[in-house]
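Here is the structure we will look at, set down as structure tokens.
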Amino acid sequence: MQSRNFRLQKVGNLNWLEKNYKFQNIAFSLDELVVLNATRNNKSIIDFAKTIGNLVNDAFIPIAAGGGIRSMGDAELLFNSGADKIVLNTVLYENPKLVELLIKRYGSQSIVASIDYKKNDENFDVYINDGSVKIDLGLEQYLHYLEKLEVGEIYLNSIEKDGTGFGYDFDTIEKFESKIKIPLIIAGGAGNESHFMDGLKYKNVSAVATANLFNFIGDGLPKARKKLIESGENLANWNVDN
Amino acid sequence: MKIVIADYGMGNIKSIVSALNYLGVDDIVVSADYETLKSADKIILPGVGSFRKAMIQIKENNLDKYLEDIVVKNGKPLIGICLGMQLLGTSSTEDGFTNGLGFVNGHCIKFDNTDLKVPHVGFNQLKTDSKFKLYDGLPAEADFYFTHSYKMVSEHQINQSYCAYGSDFIASFEYHNIVGVQFHPELSQKNGLRLLKNFIEKF
């Protein structure tokens with residue numbers, strides 16, 4: 001999937017990626033993989049878990065999986081299929097009790113809180129249910145709410161920038177990056193390595209995420225990683241021959 | 001090569017099995033059975049989650065006694081990964097004070113997060129020494145993937161390497177036949193695969 005302001009274009013499933021891009025090679029240019037099930041209707045957590053199970057066989061990096069997790073059983077299935085972390089969104093707001101139970105069982109470090117937000121005039125509004133329902137808390141309040149819940153990481157996605165390839169929403173990132181003390185992953189809008197570099201300049205941005213480069217631009221990702229390392233970014237290096 | 005992953009109902013075992021498969025290990029068993037553990041060439045003690053809960057389940061399965069006999073008394077190589085490494089130490093303050101297996105002299109405490117993000121998540125460099133067999137063939141400051149809120153410290157010499165996050169904590173140790181890594185080699189790309197290969201071949 002590539003999303004363009006949440007209007008999803010289907011570009012293929014993971015099997016398609018595997019066939020066309022030799023996933024293992026791409027995986028070697030990533031630190032972590034976030035796999036989101038963006039199916040709008042009839043999300044099947046069982047099918048999704050099978051996909052995750054297949055991925056784990058070839059990728060020796062942490063995998064965070066999410067999209068449609070509504071119960072302890074859903075989370076358990078994904079963890080048992082090889083997910084190292086789960087990505088929560090709607091339940092964070094609708095069912096904090098479940099989030100607390102998940103954290104108690106799997107630990108904070110296993111829970112990634114995904115936030116979809118949009119700027120409306122002066123407000124930073126947060127949306128759940130695949131970006132379709134606005135909640136009562138603004139972005140700053142919501143960040144504090146999530147930190148209190150003791151989630152392990154924040155995956156902050158700009159609905160407006162998502163899928164554009166025009167760069168992250170740096171205005172918002174600048175405004176909010178220092179407000180939380182848990183790792184922050186920024187998402188939505190990366191189109192080239194200079195966007196990564198701009199994102200990594202922020203002290204409190206722990207990671208930069210991209211879907212665009214990964215899905216559409218052949219060896220864009222390995223090349224971007226190489227450029228980042230060459231330009232002195234402090235990325236993990238694994239040039240070891242096995 | 002037979003590797004037995006000690007099973008006490010916790011831990012992301014699937015990614016460890018995948019990494020071992022990738023390295024060509026042909027016999028991988030997940031078990032808490034004494035005879036099975038005894039028949040292993042190497043043992044892996046995995047772990048994700050709470051120290052206290054893990055120790056309760058280890059004791060319920062008699063794994064503390066089995067591992068004491070097989071690993072400490074009889075010298076079978078064992079690697080503890082993440083929480084699995086912490087459990088090899090003497091104690092942890094996670095969820096109250098809990099005694100560990102006590103195979104090495106290390107104590108686990110929470111990161112104090114005055115300036116740090118906790119949990120400590122992501123790839124980080126190690127301070128290693130060429131004498132460590134685990135890091136054979138790896139660059140001096142290799143990166144590995146960490147995700148943890150508690151760190152092991154020790155005043156004793158347990159042949160350890162360090163990682164700096166705030167202050168130095170124990171990233172790994174090689175104490176005779178007992179090895180511990182705070183990071184996840186199975187999630188640390190080529191570096192991690194090489195480290196696992198070193199454990200398999202050199203211990």
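Chain letters run A, B, ... following the sequence lines, proteins first and then strands; every chain starts at 1.
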Taking all non-hydrogen atoms of both residues into account, name the closest pair between [X] and [Y] and its distance.
X        : Y        : result
A:Asn57  : B:Ser18  : OD1-OG, 3.5 Å
B:Val121 : A:Lys85  : CG1-NZ, 3.6 Å
A:Leu235 : B:Asp143 : O-OD2, 4.2 Å
B:Val48  : A:Gln109 : CG1-NE2, 3.6 Å
B:Val118 : A:Ile182 : O-CG2, 3.7 Å
B:Pro119 : A:Gly152 : CD-O, 4.0 Å

Over 12 non-hydrogen atoms of neighbours within 6.0 angstrom of [atom1] in [X]:
X        : atom1 : result
A:Glu230 : CD    : yes
A:Lys97  : NZ    : no
A:Lys223 : NZ    : no
A:Lys226 : NZ    : no
A:Lys175 : NZ    : no
A:Glu147 : CD    : yes
B:Tyr175 : OH    : no
A:His144 : NE2   : yes

Which distance, rounded to the nearest 0.5 Å, do you find between the [atom1] of [X] and the [atom2] of [Y]?
X        : Y        : atom1 : atom2 : value
A:Asp31  : B:Leu187 : CG    : CG    : 12.0 Å
A:Lys104 : B:Asp95  : NZ    : CG    : 7.5 Å
B:Phe123 : A:Glu32  : CZ    : CD    : 7.0 Å

Among A:Asn234, A:Asn204, A:Leu184, which residue has the highest count of heavy-atom pairs closer than 4.5 Å to chain B?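 Most heavy-atom pairs under 4.5 Å with chain B: A:Asn204.
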
Any chance you could lay out the side chain to side chain contact (heavy atoms under 4.5 Å, CB included) test for B:Lys190 and A:Phe60, step after step, and finish with the verdict? CA-CA 8 Å; B:Lys190 291 182 181 177; A:Phe60 307 105; over 6 Å; no

Is B:Ala19 close to chain A through its backbone or its side chain, or both, or neither, when contacts mean heavy atoms under 4.5 Å?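 For B:Ala19, the contact with chain A is made by backbone and side chain together.
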
If we only count heavy atoms from C-beta on, is the A:Pro62 to B:Thr147 side-chain gap below 4.5 Å? no

Do you know which of B:Glu186, B:His184, B:Gln189 makes side-chain contact (heavy atoms from CB on, under 4.5 Å) with A:Ile61?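 Filter result, single survivor: B:Gln189.
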
With a 4.5 angstrom heavy-atom cut-off, is it the side chain or the backbone of A:Ala207 that approaches chain B, or both, or neither?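 Interface part for A:Ala207: neither.
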
A:Ser206 versus chain B, the contacting section by heavy-atom distance below 4.5 Å: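 Side chain only.
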
Using modelled atom types only, decide if a donor and an acceptor are shared between the side chain of B:Lys14 and the backbone of A:Gly53 within a distance under 3.5 Å. yes

